[in-house]
Structures are given as structure tokens and as C-alpha cells.
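What follows is a single structure, written as C-alpha cells, with notes after it.
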Amino acid sequence: MEPLTNWAGNIAFRARQVLRPHSIDEVRDLVATAPKLRVLGSGHSFNRLADTEGDLLSLAGLPRIVEIGPDRRTVRVDGGIRYGELAARLHAEGLALHNMASLPHISVAGAVATATHGSGVRHGNLATAVAGVELVRADGELVSLARGDAGFPGSVAALGALGAVVALTLDVQPTFELRQYVYENLPATSVRDHLDELLADGYSVSLFTRWTSADVDQVWLKRTEPRTGATLFGATLADGPRHPVPGMPAENCTRQGGVPGPWHERLPHFRMEFTPSSGEELQSEWHVPRVHARDALAAVAEIRERVAAVLQVCEVRTIAADDLWLSPNFERDSLALHFTWIADTEAVLPVVADLEQLLGPFGARPHLGKIFTTAPIDGYPRLADFTALVDRFDPAGKFRNEFLDRLLG
Ligand SMILES: Cc1cc2nc3c(=O)[nH]c(=O)nc-3n(C[C@H](O)[C@H](O)[C@H](O)COP(=O)(O)OP(=O)(O)OC[C@H]3O[C@@H](n4cnc5c(N)ncnc54)[C@H](O)[C@@H]3O)c2cc1C
């Protein structure tokens, strides 16, 4: 049998088998009887976070739930649904999520478990939309937590450590349209002098660079209002659709050129119809407090040639502060420096370690679903509270694995 791997193929799971329940009762039975297990979402993490030597539990086969609340301010979804499917269903109902990640193929429960984020100075990460969590804890009991409950801030971005999330309630809002514009060749001096204005110039703003020069290759603006200028702080409006990695097919990307379209067809960079079955890439990402944005970028520029040698593309995004204990954005507005590496772990790891050294002094927190080498993680002031919550929900460590042991001690 082919080994089961994550999406990127850099992790071969050690699990004995993948269990695929079709009802919440079945999940409860499987969790109660398994000695050791982890839930697997859509497998888009780049490290051993989802791994186990016991069984993996996939909730993709649970009956789909998309239940809109009577006030149309929330939606309850099952623990296996992916953003792409949910987004289309919400839009058809005249509703929207506040933000999305770069691609719609990831599962909602898996994404919020690692505090996955999009961009936008006013938008929290995707986990901040969670208003309620329903999970099956280690003894098979179904437990519900809602915003405002003690322990709730530790139960959303919870890395699958508390149990199997079988349903989530998410905040929603009326559907809206966005226009996406790509500008090219942003001078380094504009980053130095106008970074805050630039990052706030849209609903969602991303900077893409390969660090082959100090200039930024592309600026992706997702705006509610049209933008008429042909230039943006010295960058020039692209004359056609672009992929973030120059030379890659732009038809995989969401519509650009300022054409208005629904939120879920503009917020992700990549289209749902384009199915990336497996990726020739690795990813790392560090979040620094936004007040250090300029200095953190300048620090990366110091070693840009080393970075560029193993890089496909780097994306710079912003995320608003939140109160979720394991969120990299806990109590601080953040700038996220994301690196899509070439698919060569050995070549990439030394550069990851260099970046950790450089960004550490800015209080960098790693994206816990990507590649990082520091352990245990510093800078999460509520880590001890989270560990206590894990011990309460899973006293025998059924959902623990090496990754969590390293993190939680
Ligand atoms: C191409 C690509 C693009 C990406 N873009 C972004 C981006 O724009 N922004 C960003 O922040 N990240 C991004 N990521 C990272 C990705 O969003 C995270 O790794 C996310 O956690 C993946 O979700 P998943 O469903 O694949 O989870 P998995 O990798 O399968 O699992 C992640 C964690 O969630 C837990 N989990 C999953 N489902 C459940 C459940 N039902 N109950 C309990 N625990 C569960 C697992 O146990 C594990 O701990 C990207 C990754 C890839 C491969």
C-alpha cells in the first residue's frame, strides 16, 4: 500500500489506518475505544502536527451540515467541510465569511485548528470567526463550548489536541463583492516609507516577492471600492492576469483586473476549480507584531540571497489581534512573513533556522501548521492554560503525539 502522506508529500504519516466515520455517534464510538488517535483534516499542514502512531480519523465523510442561524449571523457546519464548498453555499444564501486563506481547498476545522489566516489589517484570522465548537473529547463525550465560556479561547485554534471537532458555528455577514488588482515592481523605498498606507489600501493586501532584489515583485489588492490609478507607490498595474510566482499559469488564480466578483472568488488567490492534488513546495511562516513590520522585512533583506536560493515566493500579509490562546496573533496586530520554499527539506531547513534567529528578536511566532525548528515555542503567554485544558479534556494523552509533546512539554 502507498504510504499516506500530507498534501505536500514531505510527511508520510505513521498511522496504522485511517478511520472514516459517517456519523457523530460513530465518531464517539471510535474515539472512546481507540487507544491513540489524531484527526486528519485535508492534510495541508507541512509538519507532523496531524501525525500519530495510532489511528487517523478523517471526518470528510460526515453528513454535510450548513445550518444558517435564525438571525442569519452564524452558520453551523460539520467538522469535515472545506471552505470552497461552504463559501459557495453561503454566497448562494446571500451570506459571507469575513476572510479566506490563499486557497479554498482546506477543511474549515483543520484551518481553524492552526489559526489559518488571510490578509487585512482589520481582519482576524479564520479562527476568530468561530463562535462555537462541538467536539468529541477523549472519553467519547460530546462537549460544546461557545464564545464567552471559560476555556473557549483555548478550544478553537487547538491543534486537534482537545478532541475531534464534529461541528463549528461561524460568524457570517451579508455577502459582498471585491475587486482584485495586481501591481508590479514596488520599489523598496516605498516599502520603507509607505508600508502602513500600502497594507491598509484594501480589504486584503498581500505583497509577493522572490527576494531576488530588495524591490517587491507584486502587490495584490482586494478592494471593495474600485481603484483607478495605474500606479501604486511606484508599482505599476499589471497588463494581464498574474500568478504570484512569475511564469506559473495565471488561469489557476482568481480573477484580477478590478473585475467585481463575490468575496469567495476574490479573497483566495487560487480558484476552487483548480485542484492542486499535491504540491511541489514546502512552507514556513512567522508572525511578528505589526509595529516591527518594517524592521522585520529589513532583517530578511539582509539574507535575501540565501533565502532566494531556496524560495519559490514569499508573501507578506497582515492579521488583526485576537484573544485565542494559541493564535500567533494573540493580543497583537501582526505582519505575517510567509515563505513558499522549493520541495527540498535538507536545503530549506538551514535557511528556516537563519530566519528564526533573525526574526526571534521581534517576537516572531511560527505558523504551527508549517515548518519551523524552534521548540518549545516561546511567546505564547497562555500556553500553560492551554496545556491545563488539554489535560482536562484528554488526561491520558490519547490525542497527543510527538509534535504536541514537544510543544506542551
Ligand atoms: C497550498 C497551501 C496553501 C496554504 N495557505 C494558507 C494560508 O493562506 N494561510 C494560512 O494561515 N495557512 C495556509 N496554509 C496552511 C494550512 O491552512 C494549515 O496547515 C491548515 O491547518 C490546513 O488545514 P487541514 O484541514 O489541511 O488540516 P490538517 O493539516 O489535516 O490538520 C491540521 C491540524 O488540524 C487538526 N484537525 C483537522 N481537522 C480536525 C477536526 N475535525 N477536529 C480536530 N482537529 C482537527 C489536525 O489534527 C491537525 O492538528 C496553506 C497550506 C497549503 C498546503
Side-chain angles (χ1 to χ4, degrees), residues 4-11 13 15 18 21 24 27 31 37-52 56-62 77-83 99-119 125-127 133-137 155-168 204 206 244 252 267-270 274-287 312-313 315 317 319 326-329 334 336 338-341 343 366-371 393-394 399-401 403-404 407:
L4 177 72
T5 69
N6 64 340
W7 174 86
N10 66 314
I11 300 291
F13 293 116
V18 184
I24 292 178
V27 175
V31 170
L37 82 166
R38 292 285 288 160
V39 183
L40 181 64
S42 47
H44 282 70
S45 295
F46 290 87
N47 56 36
R48 293 211 167 269
L49 174 59
D51 198 15
T52 177
L56 276 173
L57 193 63
S58 166
L59 304 187
L62 283 185
V77 301
D78 61 275
I81 197 167
R82 294 180 186 228
Y83 274 103
N99 215 347
M100 289 183 78
S102 63
L103 85 175
H105 308 83
I106 48 178
S107 84
V108 176
V112 304
T114 62
T116 288
H117 61 92
S119 190
N125 63 47
L126 304 186
V133 180
E134 295 164 57
L135 61 85
V136 175
R137 64 175 194 210
S155 69
V156 184
L159 306 175
L162 300 182
V165 174
V166 289
L168 288 165
S204 162
S206 292
N252 299 342
L267 284 171
H269 306 321
F270 301 103
F274 154 67
T275 306
S277 53
S278 72
E280 282 291 302
E281 65 182 65
L282 300 172
Q283 295 185 9
S284 302
E285 188 164 34
W286 292 275
H287 295 246
Q312 298 198 46
V313 75
E315 181 178 7
R317 289 178 278 187
I319 306 100
L326 279 204
S327 160
N329 317 113
S334 307
H338 159 93
F339 299 82
T340 300
W341 306 114
H367 187 310
L368 296 176
K370 300 187 178 179
I371 292 175
F393 276 66
D394 182 18
F399 287 98
R400 285 247 191 168
N401 62 6
F403 184 101
L404 289 175
L407 200 69

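Counting from 1, the numbers follow the sequence of the chain as shown. Keep in mind that the numbers below use all heavy atoms, side chains included, and drop hydrogens, waters and symmetry copies. First listed ligand is number 1; within each ligand, the first listed atom is number 1. Remember, it's a predicted structure, so these values are computed and weren't measured experimentally.
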Subject >> From Ser45, Ala127, Gly369, Ala167 - option closest to atom 32 (C) of ligand 1 by heavy atom >> reply: Ser45
Subject >> Within-cut-off N or O pair, Val165 and ligand 1, under 3.5 Å >> reply: yes
Subject >> Proximal candidate to atom 7 (C) of ligand 1 [heavy atom criterion; set Arg317, Glu285, His367] >> reply: Arg317
Original post:
Under 3.5 Å between some N or O of ligand 1 and some N or O of Leu59?
Top reply: no
**OP:** Would you indicate which of Val39, Val166, Asn401 comes nearest to atom 36 (N) of ligand 1 when only heavy atoms are counted?
**Re:** Val39
**OP:** List every atom of ligand 1 that sits less than 4.0 Å from any heavy atom of Ala164, numbering the atoms from 1 in the order shown and giving each element.
**Re:** 42 (N)
**OP:** Please assess His367 against His338 for the test side chain to side chain contact (heavy atoms under 4.5 Å, CB included), listing each intermediate value before the final yes or no.
**Re:** CA-CA 9 Å; His367 187 310; His338 159 93; over 6 Å; no
**OP:** Identify, by atom number and element, the atoms of ligand 1 in contact range of Thr114, meaning under 4.0 Å from any of its heavy atoms.
**Re:** 18 (C), 20 (C), 21 (O)
Original post:
Any idea which atoms of ligand 1 are less than 4.0 Å away from a heavy-atom of Gln283?
Top reply: 1 (C), 2 (C), 3 (C), 4 (C), 50 (C), 51 (C), 52 (C)
Original post:
Is it the side chain (CB and beyond), the backbone, both or neither of Ala111 that lies under 4.0 Å from ligand 1, heavy atoms counted?
Top reply: backbone
Original post:
Which one holds for His338 and ligand 1: side chain close, backbone close, both close, or neither close, with close meaning a heavy atom under 4.0 Å?
Top reply: neither
Original post:
Of all the heavy atoms in Phe46, does at least one lie under 4.0 Å from an atom in ligand 1?
Top reply: yes
**OP:** Could you pull out all residues at least two apart from Ser204 that satisfy side chain to side chain contact (heavy atoms under 4.5 Å, CB included)?
**Re:** Ser119, Lys222, Leu267
Subject >> Under 3.5 Å donor-acceptor, Arg38 side chain and Leu49 backbone >> reply: yes
Subject >> Test applied, side-chain contact (heavy atoms from CB on, under 4.5 Å); reference residue, Gln283; option that passes from Asn47, Asn10, Ile371, Thr340 >> reply: Thr340
Original post:
Do Leu4 and Leu40 have side chains that get closer than 4.5 Å, going by heavy atoms?
Top reply: yes
Subject >> Options Ala8, Ala115, Gly160, ranked by nearest heavy atom to atom 44 (N) of ligand 1, top entry >> reply: Gly160
Original post:
How does His44 reach ligand 1, if at all, at less than 4.0 Å between non-hydrogen atoms: by side chain, backbone, both, or neither?
Top reply: both
Original post:
So is Gly41 polar-close to ligand 1, meaning N/O to N/O under 3.5 Å?
Top reply: yes
Subject >> Residues that Arg137 engages under side chain to side chain contact (heavy atoms under 4.5 Å, CB included), provided they are two or more places apart >> reply: Leu135, Asp139, Glu141, Val143, Phe393
Subject >> Residue part near ligand 1, for Thr116, under 4.0 Å between non-hydrogen atoms >> reply: both
Subject >> For Leu40, atoms of ligand 1 separated by under 4.0 Å from a heavy atom >> reply: 30 (O)
Original post:
Can you list the atoms of ligand 1 that are under 4.0 Å from a heavy atom of Ile106?
Top reply: 17 (O)
**OP:** Start with the C-alpha distance between Phe13 and Val18, add both sets of side-chain angles, then the distance that settles side chain to side chain contact (heavy atoms under 4.5 Å, CB included), and finish with yes or no.
**Re:** CA-CA 10 Å; Phe13 293 116; Val18 184; over 6 Å; no
**OP:** State whether the side chain of His44 and the backbone N or O of Ser42 hold a donor-acceptor pair below 3.5 Å, judged by distance alone.
**Re:** yes
Subject >> Closest to atom 6 (C) of ligand 1 among Ser102, Gly163, Ala109 (heavy-atom distance) >> reply: Ser102
Subject >> Asn6 side chain vs Ile11 backbone, donor-acceptor pair below 3.5 Å >> reply: yes
Original post:
Do side-chain atoms of Ser334 reach the backbone of Ala336 as a donor and acceptor pair under 3.5 angstrom?
Top reply: no
**OP:** Check each of Lys370, His269, Arg48 against atom 13 (C) of ligand 1 and report the one with the nearest heavy atom.
**Re:** Lys370
Subject >> Gly79 neighbourhood, listing ligand 1 atoms whose heavy-atom distance to it stays under 4.0 Å >> reply: 41 (N)
Subject >> Element-labelled atoms of ligand 1 that are located less than 4.0 Å from some non-hydrogen atom of Ser107 >> reply: 25 (O)
**OP:** Decide yes or no on side chain to side chain contact (heavy atoms under 4.5 Å, CB included) for Asp394 and Leu162, but give the supporting numbers first.
**Re:** CA-CA 6 Å; Asp394 182 18; Leu162 300 182; over 6 Å; no
Original post:
Which ligand 1 atoms does Ala113 reach within 4.0 Å, using its non-hydrogen atoms?
Top reply: 34 (O), 35 (C)
Original post:
According to the interplanar angle, ranging from 0 to 90°, do the rings of Phe46 and Trp7 count as parallel (below 30°), tilted (30 to 60°) or perpendicular (above 60°)?
Top reply: perpendicular
Subject >> Steps toward side chain to side chain contact (heavy atoms under 4.5 Å, CB included) verdict (Leu56, Leu37) >> reply: CA-CA 6 Å; Leu56 276 173; Leu37 82 166; over 6 Å; no
